[in-house]
Amino acid sequence: MSKRLVTIKGYVSGVPHTVDAHQARVAVVQDDVEYRILPRGAGVDLADEVSVPVEATGLVQEEDGIFYLAVRGYKVLEDDSWLEE
């Protein structure tokens, strides 16, 4: 399992915690790819940002076709102009 540093932009959405082995409670979706947020470090704070647009940076890894993001930092985006990029 290799990890790589990524920056993603998207809306925070809830994840049913009964289906996730890593206990991810939220995810950020970018370009139809769901990145489940690992509940540690800065990722813990994202649980309070559901439905908010964010830019998150962290280490991503893939397990069984699911992407997990260990968030190192994030910022709330003021508008959704990034959707047009």
Side-chain angles (χ1 to χ4, degrees):
M1 254 183 300
S2 66
K3 296 180 182 181
R4 58 189 163 86
L5 188 64
V6 297
T7 298
I8 59 171
K9 293 179 183 177
Y11 284 91
V12 179
S13 61
V15 172
H17 35 307
T18 56
V19 298
D20 191 90
H22 292 284
Q23 285 117 25
R25 294 177 45 209
V26 294
V28 175
V29 178
Q30 174 180 285
D31 299 329
D32 295 325
V33 177
E34 178 183 76
Y35 296 87
R36 293 190 181 179
I37 307 302
L38 295 174
R40 58 182 169 264
V44 172
D45 298 332
L46 282 176
D48 296 328
E49 303 290 351
V50 173
S51 299
V52 173
V54 297
E55 178 180 275
T57 301
L59 294 173
V60 69
Q61 67 186 47
E62 183 181 358
E63 281 184 34
D64 300 324
I66 299 172
F67 292 97
Y68 291 97
L69 185 67
V71 178
R72 289 188 168 177
Y74 75 94
K75 65 180 177 179
V76 173
L77 300 174
E78 297 300 319
D79 58 39
D80 59 5
S81 62
W82 52 271
L83 286 171
E84 299 167 4
E85 294 176 359

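In terms of hydrophobic clustering, with Ile, Leu, Val, Met, Phe, Trp and Tyr side chains grouped at heavy-atom distances under 4.5 Å, V6 and V71 are assigned to a common cluster. Grouping the Ile, Leu, Val, Met, Phe, Trp and Tyr side chains by contacts below 4.5 angstrom, directly or via other members, places I8 with V33.
Of all heavy-atom pairs between A27 and E34, the closest is CB-CG, 3.5 Å. Among all heavy-atom pairs drawn from A24 and R36, the shortest one is CB-CB, 3.8 Å.
Residues that satisfy the side chain to side chain contact (heavy atoms under 4.5 Å, CB included) test with V50, not counting sequence neighbours, are V12, V26. By the salt bridge (charged side-chain N to carboxylate O under 4.0 Å, His left out) test, E55 pairs with K9, K75, sequence neighbours left out. For R72, the side chain to side chain contact (heavy atoms under 4.5 Å, CB included) partners are L5, L59, not counting sequence neighbours. Under the side chain to side chain contact (heavy atoms under 4.5 Å, CB included) criterion, V76 pairs with E49, V52, V54, Y74, sequence neighbours left out. Take S13 and apply the side chain to side chain donor-acceptor pair (under 3.5 Å) test, not counting sequence neighbours, and it matches no residue.
The CG atom of L69 lies 8.5 Å from the OG1 atom of T57; values are rounded to the nearest 0.5 Å.
The list of ring pair (Phe, Tyr, Trp, His ring centres under 6.0 Å) pairs with a residue in residues 41-66, not counting sequence neighbours, is empty.
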